Student: 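Dumping the structure here so I can ask a few things about it.
This one's a predicted model, so the numbers in the text were calculated from it and none came from an experiment.
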Amino acid sequence: MTFDPQAASSSLLQNLNPEQLAAVTLPPKPALILAGAGSGKTRVLTTRIAWLIQTGQLYPGGVMAVTFTNKAAKEMLTRLGAMLPIPVRGMWIGTFHGLCNRFLRAHWKLAGLPQGFQILDSSDQLSAVKRVIKAMNLDEERYVPKQVTWFIAAQKEEGRRPPDVEVRDEQSRLMVQVYAGYEAQCQREGVVDFAELMLRVYELMRDNASLREHYQRRFRHILVDEFQDTNRLQYAWLKMFAGPETAVFAVGDDDQSIYAFRGAQVGNMAAFEREFHVEQVIKLERNYRSFGNILDAANELISRNQKRLGKNLRTEAGPGEPVRVHESPTDYAEAQWFVDEARQLHREGTPRSDIALLYRSNAQSRVMESALFNAGVPYKVYGGLRFFERAEVKHALSYLRLIENPNDDTSFLRVVNFPARGIGSRTLEQLQDAARASGRSLYQSVGALSGKGGNNLQAFVAKVDAMREATRGLTLREIIVHVLEASGLVDFYKTDKEGRERLENLEELVNAAEAFVTQEGFGKDAVALPIDEHGPGVFGGTAGRAEFNTPGAEAVEDGSSIEPARARPGLFDGAGGRSAPAHQGAGAAVPDGAAAALAATVTPDAETGEIMSPLAAFLTHASLEAGDNQAQAGQDAIQLMTVHSAKGLEFDCVFITGLEEGLFPHENSASDPEGLEEERRLMYVAITRARKRLYLSFSQTRMLHGQTRYNVKSRFFDELPESALRWITPKNQGFGSGYSREYQAAWSRGSGLGSIVGTGREPAPPPKPLVSAKPPAHGLRSGQSVFHTKFGEGVILTLEGAGDDARAQVNFGRHGTKWLALGVAKLTPVE
DNA sequence: GGCTACAGCATTTTT
DNA sequence: TGCTGTAGCC
């Protein structure tokens, strides 16, 4: 059977709608695709790659496709594998960090890293920063490790090294010193954090002209998923890889930008359109997921946002069911209602896994969990600790890391006394002092200590050394099994009363390693292919090497002048354009333009020729891919998660709960317009998760941080089209009816909607009296709804004082929470 | 050196 | 309300 590219490509393009087809078949130029929720963006992305290759416009090695999550990357690879008759290896498809890792594994020498460098996850990073702060004798009250960590990451994401950071006062001067100290420490230990992965690659590309030219020439097409989530460093990084001939295909949805708090710049979309001279923005607005009422709700809500590129989802699926709105007197009642409703849905045939409960913040899951638990309904909560973050797993990984790199002080400290072997904080402090004084690692400084502590330390080091010896030449599985035993971890957990589960997790670690070696083929990300291995290949692609402009010319061609050096060099806040200071220190180590010499910079192990040992590769994998959070295998369970983690997912039935002012929109965001717009986008994301049925729910009161809060329903209800909604709360239970009234247990929901009438369940219990205090003279009580002539309707949160001093704290929803003197303010009870 | 009591604090999260 | 981190005790 011969392969017919024409036929293949036409079958690829079948069933694409006109917009999708247009996007997939765009000429090789920078393109921006505004892909609405459920509009088939992953399909477009993968089909585009497949189409380019099948039509011979591109050889597989010329593709780079970047995502944010491992999940998305895997999905892309899987789909692509199904579309293309060739293995997908050789294509650079992965997360930003995964690709950076791949790059740095190939060019570790140029990047100034040790060959087996390891990657710090966020908790490693935090403890590393703590050590620096301690070493510098700084007050942890003033220099809060978490904040310092955040500061360092933020600087890196702005492209600033310590000398580039603007110093304003003593505080910031010291922060920068911590930053510098942290950098030195990481370098000494041979570790990099997540931001460092990105920044190293960026700097290497920026400063090494031949390397840059090489990669720019190699990647004819760069495709970026979730472009609205890119931060400044990622955008600058992309600009480094995008040569004048590179077609960058950016797919994103500004309405789904919900990560500003971690540095995402929605503005990158507009910047991209402008700086890359995108000629035509393609909008994918046809939605294949949800029914009309759901989309109407989403469209109407998001139209309230001022800063938008503008987009409107539409469907051909018909209006479907109305969006159901439910009000509860308490969070407890809300949970009960949810459990009943979800059970009913399940009884009617919806798989539990197609029922999702979404909430704004994790704290809200507790009530729901206990209600589900009590009812015996299987559920699964997303978020929380992931596999490789579990303490016992981290301990095991630390031993493994010490085998690979004894100078990893973070790992050293983690397990030096775990299981306990008589090495206390005093001994460790001495060791750290000695290490600091000599500028060596803890491991190297053990000899400097004498006495009992010193002996114990030496025994520890001897143990690790022995493990290294004993595991030489073993398979990855054997290495891990040996280390688990020899470290004493297994024995420790065998005797530990809660050790069972931990032992299981350690076994799971062995399995994970096994899977890593066999299924993934170890180090798929780590082993960079020889750089110029790829020719046009079997498809005889004509993607010839274009004539290359010099980087300087490229920057100028873009129409943006290179800005003069500023106080903060290497930054991306220039007027735009491919602002690479291309002239900076162009790769002394690499002869200009010589691809062969470049290949020589891919440095394999002198002895084995391996780019990376299986162990090192596995450790990298563990840092880069935190692993699923306990996949409770097989169980058909209701899905509980925050709105953030629901992004990218879809379910038949979605419940959005806790729709109350202060919670959603969150009080910390509602005060400024930007924050509120992000909250609104968050709500938009939540709504568009639903395929068939959507419930919106709120509660008058909620237990939060151990206190009952009285809430006003979310302003988002006012921003939804009334025509798409149906209130399923009995009328007299509605908001403003107060709490004195009996809880209406007649679950007369959704008459006319057919499917969910009557659960046959016992009526819900009447609510507990919410306010036990007897009403004082002014006749008001907390929890009561009141009306104020200026602020409108609100709910009394607190009452204080008496007589003329009587004051009330009132939550007026969007007007905020106010303290009012009852003698002055006119508050009318609402009933 | 290891364990227990209490204060302080508490969006959202991937890599 | 429930967890995390530290201080102080055995």
Student: Is it the case that A:D331 and A:S699 place a side-chain donor and acceptor less than 3.5 Å from each other?
Tutor: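 A:D331 vs A:S699: no donor-acceptor pair found between side chains.
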Student: Output yes when at least one side-chain N/O atom of A:T642 is less than 4.0 Å from OP1 or OP2 of B:dT13, else no.
Tutor: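 For B:dT13, OP1 or OP2 has a side-chain N or O of A:T642 closer than 4.0 Å.
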Student: I need the CZ-P distance between A:F387 and B:dT15, as an integer number of Å.
Tutor: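 Rounded to whole Å, this separation is 16 Å.
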Student: When you get a sec, tell me which of B:dT15, B:dT11, B:dT13 is the closest nucleotide to the side chain of A:N668?
Tutor: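 The closest nucleotide is B:dT11.
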Student: Without hydrogens or angle criteria, can the side chains of A:S645 and A:T642 be said to hold a donor-acceptor pair below 3.5 Å?
Tutor: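 Side chains of A:S645 and A:T642: pair found under 3.5 Å.
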Student: How do A:I423 and A:D121 order along DNA chain B: which one's closest nucleotide is nearer the 5' end?
Tutor: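 Mapping each residue to its closest nucleotide by heavy atoms, the 5'-most match is A:I423.
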Student: Does A:N70 make a side-chain N or O approach to OP1 or OP2 of B:dT15 shorter than 4.0 Å?
Tutor: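 Looking at the OP1 and OP2 atoms of B:dT15, one of them is under 4.0 Å from a side-chain N or O of A:N70.
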Student: 5'-most contact on DNA chain B: A:S425 or A:L682, nearest heavy atom basis?
Tutor: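 Looking at the nearest nucleotide for each, A:S425 comes out on the 5' side.
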Student: Suppose you measure atom P in C:dT4 against the same atom in B:dT13; what distance do you get, rounded to whole Å?
Tutor: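 Pairwise P distance, C:dT4 against B:dT13, rounds to 16 Å.
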Student: So, is the end of the A:R200 side chain (NZ or CZ) under 6.0 Å from the ring centre of A:F103 and within 45° of the ring's axis?
Tutor: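 Not flagged: A:R200 not positioned over aromatic ring of A:F103.
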Student: What's A:S623 touching, base or sugar-phosphate or nothing? Going by heavy atoms closer than 4.0 Å.
Tutor: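 The residue A:S623 makes no contact with any strand.
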Student: Round to the nearest Å and state the distance from A:Q256 atom CD to B:dT13 atom C1'.
Tutor: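 After rounding, the reported distance stands at 16 Å.
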Student: Whole angstrom is fine here: how far is it from OH in A:Y382 over to C1' in B:dT14?
Tutor: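 One finds 16 Å between C1' of B:dT14 and OH of A:Y382, rounded.
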Student: In whole angstroms, how far is the C1' atom of B:dA10 from the NE2 atom of A:H705?
Tutor: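 Result: 5 Å.
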Student: Since syn is defined as within 90° of 0, does B:dT11 count as syn or as anti?
Tutor: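 That one's syn.
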Student: Expressed in angstrom and rounded to an integer, what is the separation of A:Q707 atom CD from B:dC9 atom C1'?
Tutor: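 After rounding, the reported distance stands at 13 Å.
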Student: Below 4.0 angstrom from OP1 or OP2 of B:dG2, is there any side-chain N or O of A:N417?
Tutor: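 Result: yes.
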Student: Is it true that the NZ or CZ of A:K494 lies under 6.0 Å from the centre of A:F492's six-membered ring and within 45 degrees of the ring axis?
Tutor: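 Because its charged atom misses either the 6.0 Å distance or the 45° angle limit, A:K494 does not stack over A:F492.
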Student: From the set B:dA10, B:dT12, B:dG1, return the single nucleotide nearest to any side-chain atom of A:T427.
Tutor: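 Out of B:dA10, B:dT12, B:dG1, the nucleotide with an atom closest to A:T427's side chain is B:dG1.
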Student: Once hydrogens and angles are ignored, does a donor-acceptor distance under 3.5 Å link the base of B:dT15 to the side chain of A:T69?
Tutor: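 Counting by modelled atom types and ignoring angles, no donor-acceptor contact under 3.5 Å is found here.
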Student: Find the distance A:M641:CE to B:dT11:P and express it as a whole number of Å.
Tutor: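 Result: 21 Å.
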Student: For the residue pair A:H97 and A:F194, does the interplanar ring angle fall in the parallel (under 30°), tilted (30 to 60°) or perpendicular (over 60°) class?
Tutor: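 Judged by the thresholds at 30° and 60°, the geometry between A:H97 and A:F194 is perpendicular.
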Student: Rounded to whole angstroms, how far apart are CG on A:L676 and P on B:dT11?
Tutor: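 After rounding, the gap between these two atoms is 18 Å.
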Student: Name the closest nucleotide to the A:H666 side chain, picking from B:dT11, C:dG2, B:dT12.
Tutor: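 When the side chain of A:H666 is considered, B:dT11 is the closest of B:dT11, C:dG2, B:dT12.
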Student: Of the options B:dG2, B:dT15, B:dT12, whose atoms approach the side-chain atoms of A:A420 most closely?
Tutor: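 Output: B:dG2.
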Student: For a quick check of understanding: with a heavy-atom distance under 4.0 Å over all strands, which category does A:Y259 fall into, base, sugar-phosphate or nothing?
Tutor: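 Sugar-phosphate, no base atom in range.
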Student: Which nucleotide wins on minimum distance to the side chain of A:S122, given the candidates B:dT13, B:dG1, B:dT15?
Tutor: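 Selected nucleotide: B:dT15.
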Student: Atom CZ of A:R421 and atom P of B:dG2: how far apart are they, to the nearest Å?
Tutor: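 Result: 11 Å.
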Student: So what does A:G424 touch, heavy atoms closer than 4.0 Å: a base, only the sugar-phosphate, or nothing?
Tutor: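 The residue A:G424 makes sugar-phosphate contact but no base contact.
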Student: What's A:E679 touching, base or sugar-phosphate or nothing? Going by heavy atoms closer than 4.0 Å.
Tutor: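 Touches a base.
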Student: Examine B:dT13: is either OP1 or OP2 under 4.0 Å from a nitrogen or oxygen in the side chain of A:N362? Give yes or no.
Tutor: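 For B:dT13, OP1 or OP2 has a side-chain N or O of A:N362 closer than 4.0 Å.
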Student: Ring centres within less than 5.5 Å and planes less than 30° apart: is that true of A:F261 and B:dT13 in this structure?
Tutor: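 Here A:F261 fails the 5.5 Å or the 30° condition.
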Student: Cut-off 3.5 Å, side chains only: do A:N456 and A:R421 have a donor facing an acceptor?
Tutor: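 No, no side-chain donor-acceptor contact under 3.5 Å.
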Student: Across the strands shown, which category fits A:T67 at heavy-atom distances under 4.0 angstrom: base, sugar-phosphate, nothing?
Tutor: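 Touches nothing.
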Student: Of all the heavy-atom pairs spanning A:N101 and A:T620, show the shortest one and how long it is.
Tutor: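 Heavy-atom minimum between the residues: ND2-CG2, 3.1 Å.
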Student: Name the closest nucleotide to the A:R386 side chain, picking from B:dT11, B:dT12, B:dT15.
Tutor: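 Ranking B:dT11, B:dT12, B:dT15 by closest atom to the A:R386 side chain puts B:dT15 first.
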Student: With respect to the side chain of A:S361, which nucleotide from B:dA10, B:dT12, B:dT15 is positioned closest?
Tutor: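 Given the options B:dA10, B:dT12, B:dT15, the side chain of A:S361 is closest to B:dT12.
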